[in-house]
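Computed from a prediction, not measured in an experiment: that's the story for all the values here. Chain letters run A, B, ... following the sequence lines, proteins first and then strands; every chain starts at 1.
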Amino acid sequence: MHDPRVLLDPATEAVRKLARRGYVLDVAALESLLAARNSAIQKGDALRAEGKKIAAAVKGASAEERPALVARAKELKAEAAAQDEAQQAAEVQLNELLLGIPNLPLDELPDGSTDADAELVRVWGDKPEFDFAPRDHVDIGEALGIIDLTRGVKLSGPRFSVLRGQGAKLHRALGQFFLACAEEHGYTEVAVPTLVTPTTMTGTGQLPKFAEDLFKTGVGDRELYLIPTAEVPVTNLHAKETLPLEDLPLAYTALTQCFRSEAGSYGRDTRGLIRQHEFAKVELVRFADPAKSREELEVLLSHAEDVIRRLGLHHRVVKLAAGDIGFSAQITYDIEVWLPGQQAYREIASASDFGTFQARRAGIRTKAKDGTRGFAATLNSSGLPLGRTLVAILEQNQQADGSVRVPDALIPYTGFAEIKPE
RNA sequence: GGAAGCGUGGCAGAGCGGCCGAAUGCACUCGCCUUGAAAGCGAGCAGUGGGAAACCACUCGGGGGUUCGAAUCCCUCCGCUUCCGCCA
């Protein structure tokens, strides 16, 4: 959420910046709602101030004076209540408008609104060469007996899957490996709920706009959402808290299940493990001094890149176009891993700087030594998703005989160096 | 799920209808003192909103009510603690 004053300040260039992502800012509506709210506050405050003075005077007033004072106090109270109503009405509309305005993309982002418009930052490693026709992870995994899509569908419907034997073990090893990397990079591991309140979802920006992307549960009168990413509970860890500025940056990591309805992606990636309703992911979250968030993003990105490099997976890093970044982000890098089975680079991690956008919604404040207050910057990156990484390993490390080589870094975690048919 | 009790500033803890945004202690910040530190002394020290500022308003778990006036009285919700029940 934005500070409406900052948004209205011409120096912010909010209209131009939001236009880059296809959002038309209604300046007039914003101005009039803000003015209506502030004027109601001022009038209400003045009425209350007078009311307080009269109340204090009642005590010392004579019996003759008293009735008139009490009557006046009652009048003022009613008038103040009317202003309160006006204020609330304006505030509700103002908030509704503000909650729907996306973050401002940084000027350094390339123009455009699709992944094709992204700017190539760097490429790591070489495309693996095969002296046979590389298969995709479904063919490889089903032949090895480690991926069972049919039974996943039997249990839960489309976009669910079952991993088996060495596949399940490799998956679990990835989680352990990613967490170990994160710990090495200085992140504190947290185990958090995967079921959260609407308020928590609003703090990071999933609600109110993207309810259709989420799985929702209801028991009695309680309404809880399944998290689409650990970003949600981990970022909200410090919601409604004030963090000493000198304690920043704070770095957290969590391994959680993630749940996404994938509404609007019908027919896309229907094959295999690429797009599932439920998947596991290690997430990295940083809370930073907003003045330093841009540098922090590079640090965060380097941590995600380090993990995928250790696995020896060929990938590239791109900076997303202004119109392609998420609602709450002001800049996003994607790490795209090469999938020989698709002959394409596919997103495996996304590292974003949200500036103070989420912190304003969630109430994550900072206090400097000199007493200056503000909002924290929040950042996050995948570090990494277990399923898509497993896909990349199967496809990049497949052998002519159908077996798959386990990356050296993972062997201590899997206990085997090779996946072979049972 | 049933019963009782409790929720006040970073913490502890007074206050129980106007003198209370709130005593006191601890912690913290700044200054004095000191070779340095501790101790001691002095000052400061909740947040949010409005305002250019002076300053004003709001907040004693949340919401609502009674009253000219509520941290204090009433209702309700939430949370915590203890006892019972159930349970991985």
Against the side chain of A/Arg37, the closest entry in B/rU48, B/rG69, B/rG50 is B/rG50
What's the CD-C1' distance between A/Glu241 and B/rG9, to the nearest Å?
-> 17 Å
Output every pair passing side-chain hydrogen bond (donor to acceptor under 3.5 Å, both in side chains) with a member in residues 232-244 of chain A, not counting sequence neighbours, ordered by first then second residue.
-> A/His238-A/Glu241, A/His238-A/Tyr252
Watson-Crick or G-U wobble partner for B/rC33, using a 3.5 Å limit on both distances?
-> none
Can we say A/Asp247 and A/Lys367 salt-bridge, meaning some charged N sits less than 4.0 Å from an Asp/Glu carboxylate O?
-> no
Anything under 3.5 Å between a protein N or O and an N or O of nucleotides 75-79 of chain B, put it in a table, one pair a line.
none

Look through every strand shown and name the nucleotide pairing with B/rG9 as Watson-Crick or G-U wobble, where both distances are under 3.5 Å.
-> none
Any chance the side chains of A/Asn103 and A/Ser328 put a donor and an acceptor closer than 3.5 Å?
-> no
Distance, C1' atom - from B/rU81 to B/rG61, rounded to whole angstrom | 15 Å
When the C1' atoms of B/rG47 and B/rA22 are considered, how many whole Å apart are they?
-> 14 Å
Determine which nucleotide pairs with B/rG44, using a 3.5 Å limit on both distances of a Watson-Crick or G-U wobble pair.
-> B/rC28
Given B/rG47, is OP1 or OP2 found less than 4.0 Å from the side-chain N or O atoms of A/Arg373?
-> yes
Side-chain contact check for A/Lys74: nearest option of B/rG69, B/rC68, B/rG50 is B/rC68
Contacting residues from residues 80-94 of chain A, given that a heavy atom lies under 4.0 angstrom of RNA chain B | none
To the nearest angstrom, how far is A/Lys240 atom NZ from B/rG61 atom C1'?
-> 13 Å
Under the side-chain contact (heavy atoms from CB on, under 4.5 Å) test, residues paired with A/Ala304 that sit two or more places apart = A/Ile335, A/Ser381
When the nearest nucleotide of RNA chain B is assigned to A/Leu69 and to A/Arg5 on a heavy-atom basis, which residue is associated with the more 5' position?
-> A/Arg5
Can you tell me how far C1' in B/rA54 sits from the matching atom in B/rG65, rounded to whole Å?
-> 36 Å
Partner nucleotide, any strand, of B/rA22 [Watson-Crick/G-U, under 3.5 Å] = none
Return the value, rounded to whole Å, for the distance between atom CG of A/Asp3 and atom P of B/rU48.
-> 13 Å
Residues at least two apart in sequence or cross-chain that pass salt bridge (charged side-chain N to carboxylate O under 4.0 Å, His left out) with A/Lys420, listed by chain then number, are A/Glu418
4.5 Å side-chain heavy-atom contact, A/Leu99 and A/Met1 | yes
Please state the P separation for the pair B/rG17 and B/rU72 - nearest whole angstrom.
-> 11 Å
A/Ile101 meets the side-chain contact (heavy atoms from CB on, under 4.5 Å) criterion, sequence neighbours left out, with A/His2, A/Leu7, A/Leu18, A/Tyr23, A/Leu25, A/Leu97, A/Leu98
Does the side chain of A/Tyr413 pick up a donor-acceptor pair with the side chain of A/Arg172 at under 3.5 Å?
-> no
Kindly write out the residues that satisfy salt bridge (charged side-chain N to carboxylate O under 4.0 Å, His left out) with A/Glu223, not counting sequence neighbours, or none if the list is empty.
-> A/Lys216
For atom C1', what is the distance between B/rA12 and B/rC74, given to the nearest Å?
-> 30 Å
Identify the nucleotide, in any strand shown, that forms a Watson-Crick or G-U wobble pair with B/rA52, with both distances under 3.5 Å; if there is none, say none.
-> none
Any side-chain hydrogen bond (donor to acceptor under 3.5 Å, both in side chains) pairs touching residues 151-161 of chain A, not counting sequence neighbours?
-> A/Asp148-A/Arg151, A/Ser161-A/Gln276
Under 4.0 Å between any heavy atoms, over every strand shown, what does A/Arg72 touch: base, sugar-phosphate, or nothing? Just pick one.
-> nothing
A/Lys367 side-chain proximity, nearest of B/rC68, B/rG47, B/rG51 | B/rG47
Polar contact flag, side-chain donor to acceptor under 3.5 angstrom, A/Thr197-A/Thr200 | yes
Considering Watson-Crick and G-U wobble pairs with both distances under 3.5 Å, what does B/rA88 pair with?
-> none
Residues in side-chain contact (heavy atoms from CB on, under 4.5 Å) with A/Arg72, at least two apart?
-> A/Glu50, A/Ile54, A/Glu75, A/Leu76, A/Glu79
Paired to B/rC73 by Watson-Crick or G-U wobble criteria (both distances under 3.5 Å) is B/rG65
Length of the line joining A/Glu79:CD and B/rC68:P, which is rounded to integer Å | 16 Å
Show each protein N/O and nucleotides 54-58 of chain B N/O combination with a separation under 3.5 Å, one pair to a line.
unit_1	atom_1	unit_2	atom_2	d
B/rA57	O3'	A/Arg48	NE	3.4
B/rA57	O2'	A/Asp45	OD1	2.8
B/rA57	O2'	A/Arg48	NE	3.2
B/rC58	OP2	A/Lys52	NZ	3.0

Qualifying residues under salt bridge (charged side-chain N to carboxylate O under 4.0 Å, His left out), relative to A/Glu283, sequence neighbours excluded = A/Lys281
Quote, to the nearest angstrom, the P distance that separates B/rU48 from B/rC11.
-> 16 Å
Examine B/rG49: is either OP1 or OP2 under 4.0 Å from a nitrogen or oxygen in the side chain of A/Asn38? Give yes or no.
-> no
Please list, chain by chain and in numerical order, all residues satisfying side-chain hydrogen bond (donor to acceptor under 3.5 Å, both in side chains) with A/Thr194, sequence neighbours excluded.
-> none
Looking at every strand, decide which applies to A/Ile54 at a 4.0 Å heavy-atom threshold: base, sugar-phosphate, or nothing.
-> nothing
Interatomic distance at C1', B/rC58 relative to B/rG21, whole Å | 11 Å
Between A/Leu34 (CG) and B/rG51 (P), how many Å, whole number?
-> 8 Å
Could you tell me whether A/Ala73 contacts a base, only the sugar-phosphate backbone, or nothing, with contacts defined as non-hydrogen atoms closer than 4.0 Å?
-> sugar-phosphate
How far does the P atom of B/rG62 sit from the matching atom of B/rG40, given to the nearest Å?
-> 36 Å
